[in-house]
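For reference, the structure discussed in these notes is given below.
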Amino acid sequence: MGFGDLKSPAGLQLLNTYLADKSYIEGYVPSQADVAVFEAVGAPPPADLYHALRWYNHIKSYEKQKASLPGVKKALGKYGPADVEDTTGAGGDSKDDDDIDLFGSDEEEESEEARRLREERLAQYESKKAKKPALVAKSSLLLDVKPWDDETDMAKLEECVRSIQADGLVWGSSKLVPVGYGIKKLQIQCVVEDDKVGTDMLEEKITAFEDYVQSMDVAAFNKI
């Protein structure tokens, strides 16, 4: 398993493809797997690799909490697609990121003209990148919200769930589904913007209504 060299275009492209139908490296919540890959990437992916960039920005928002995220950090080769060797950091002759010449100059000292051309090209690249419309990554979720017992007021439970409002969250249709012994669970759909709303946030807010809600599970997760 692995992503190859995550500081190379090929490695970032592989990461982008891997995240096309996933919000996280493993599972449905941020974990130490995301921290390990995030640290290996080191810098925001290019704007055209929007799945990888969306994931990078999302994990970056957990920077202060990364030590408390669940899981155990493993070697990079333990994450990602099978049969891909992880070569991040390989090669004894590589330079630090700050020393890399983006335009491939082999001279230690460049002329004033070469420096001017390099700066013009860099400015043109940044301008072109800034003009690209940002693609908003969204997901459709189907949530199972379970009550404590058959005496729970399910109308009130649904009212509590729908009272949760957040930028990037839209509630959809719902229904009650029997689970046995006269108990019914609330099955409710929602659409979220991946950079703004995560399943962990939804679970925290929904289960906060502890008088009505016993637990919340993600029954279905689909990229839009």
Side-chain angles (χ1 to χ4, degrees), residues 3 6 15-42 44-45 49-74 76 78-80 134-148 152 154 156-174 177 179 185-224:
F3 292 105
L6 282 168
L15 175 65
N16 186 68
T17 301
Y18 181 78
L19 291 168
D21 60 351
K22 300 176 180 65
S23 291
Y24 304 104
I25 299 300
E26 291 182 344
Y28 294 109
V29 296
S31 67
Q32 292 302 318
D34 297 283
V35 174
V37 178
F38 176 87
E39 292 176 347
V41 172
L49 301 181
Y50 44 85
H51 297 304
L53 181 59
R54 176 261 307 163
W55 166 84
Y56 182 93
N57 289 333
H58 183 51
I59 300 306
K60 186 177 181 181
S61 69
Y62 288 92
E63 190 161 359
K64 293 183 179 179
Q65 297 88 21
K66 67 180 182 180
S68 63
L69 293 179
V72 177
K73 192 184 297 184
K74 298 179 288 189
L76 286 174
K78 299 295 184 181
Y79 307 118
L135 181 64
V136 179
K138 295 183 178 181
S139 299
S140 174
L141 307 179
L142 182 63
L143 308 179
D144 281 347
V145 185
K146 297 176 183 177
W148 289 103
T152 300
M154 296 304 293
K156 183 63 178 179
L157 183 149
E158 181 173 353
E159 180 184 332
C160 291
V161 172
R162 290 185 182 274
S163 72
I164 299 171
Q165 300 296 318
D167 185 24
L169 169 65
V170 178
W171 294 109
S173 60
S174 64
V177 179
V179 295
K185 65 182 177 182
L186 173 67
Q187 198 166 75
I188 186 167
Q189 292 181 322
C190 65
V191 174
V192 300
E193 293 184 24
D194 296 341
D195 287 345
K196 298 178 179 179
V197 180
T199 54
D200 54 334
M201 184 272 274
L202 287 174
E203 182 175 13
E204 179 181 350
K205 289 185 175 294
I206 289 175
T207 55
F209 297 105
E210 55 187 18
D211 289 341
Y212 302 97
V213 178
Q214 180 193 70
S215 64
M216 187 217 84
D217 296 308
V218 178
F221 184 102
N222 296 292
K223 292 289 184 180
I224 298 178

Under the rule for side-chain contact (heavy atoms from CB on, under 4.5 Å), what residues qualify as partners of [X], not counting sequence neighbours?
{"X": "T152", "result": "P147, W148, D149, M154, L157, Y212"}
{"X": "A20", "result": "H51"}
{"X": "Q65", "result": "Y62, S68"}
{"X": "K146", "result": "K185, Q214, S215, D217"}

Out of curiosity, [X] [atom1] to [Y] [atom2], how far, rounded to the nearest 0.5 Å?
{"X": "S61", "Y": "D195", "atom1": "OG", "atom2": "CG", "result": "8.5 Å"}
{"X": "K205", "Y": "D200", "atom1": "NZ", "atom2": "CG", "result": "11.0 Å"}
{"X": "D34", "Y": "S23", "atom1": "CG", "atom2": "OG", "result": "9.5 Å"}

Quiz prompt | Contacts of F209 that satisfy ring pair (Phe, Tyr, Trp, His ring centres under 6.0 Å) - sequence neighbours left out | solution = none
Quiz item: Only one of V29, V192, L143 forms a side-chain contact (heavy atoms from CB on, under 4.5 Å) with T199, so which one is it?
Solution: V29
Self-check item: Residue from I188, V161, L186 passing side-chain contact (heavy atoms from CB on, under 4.5 Å) with I206
Solution: V161
Quiz item: Are the side chain of R54 and the backbone N or O of L19 linked by a donor-acceptor pair below 3.5 Å?
Solution: yes
Exercise. Look only at the side chain of N16 and the backbone of A52, and say whether a donor-acceptor pair between them is shorter than 3.5 Å.
Key: yes
Quiz item: Considering residues, nucleotides and ligands other than F221, do more than 12 of their heavy atoms fall under 6.0 Å from its CZ?
Solution: yes
Quiz item: Would you find more than 12 non-hydrogen atoms of other residues, nucleotides or ligands less than 6.0 Å from K73 atom NZ?
Solution: yes
Could you tell me which non-hydrogen atom of [X] sits nearest to which non-hydrogen atom of [Y], and how far apart they are?
{"X": "M216", "Y": "V218", "result": "CE-CG2, 4.1 Å"}
{"X": "D144", "Y": "A219", "result": "OD2-CB, 3.7 Å"}
{"X": "A40", "Y": "L6", "result": "CB-CD1, 3.8 Å"}
{"X": "I25", "Y": "Y18", "result": "O-OH, 3.0 Å"}
{"X": "A36", "Y": "Y79", "result": "CB-CE1, 3.8 Å"}

Return the set of residues passing side-chain hydrogen bond (donor to acceptor under 3.5 Å, both in side chains) with [X] (not counting sequence neighbours), or none when no residue passes.
{"X": "D194", "value": "S139, K223"}
{"X": "H58", "value": "Y24"}
{"X": "Y50", "value": "none"}
{"X": "K66", "value": "E39"}

Quiz item: Are any non-hydrogen side-chain atoms of L15 and W55 less than 4.5 angstrom apart?
Solution: yes
Exercise. Sort and list the pairs that fulfil salt bridge (charged side-chain N to carboxylate O under 4.0 Å, His left out) and have at least one residue in residues 19-32, not counting sequence neighbours.
Key: E26-K74
Quiz item: Does the salt bridge (Lys or Arg N to Asp or Glu O under 4.0 Å) test come out yes or no for E159 and K156, once each step is laid out?
Solution: CA-CA 5 Å; E159 180 184 332; K156 183 63 178 179; 3.5 Å; yes
Quiz prompt | Steps toward side chain to side chain contact (heavy atoms under 4.5 Å, CB included) verdict (L141, L202) | solution = CA-CA 11 Å; L141 307 179; L202 287 174; 3.7 Å; yes
Under 3.5 Å, side-chain donor or acceptor atoms of residues 167-174 against the rest of the protein: list the pairs with distances, not counting sequence neighbours.
from	atom 1	to	atom 2	distance (Å)
D167	OD2	K196	NZ	3.0
W171	NE1	I164	O	2.9
S173	OG	Q189	OE1	3.0
S174	OG	E158	OE2	2.6
S174	OG	R162	NH2	3.3

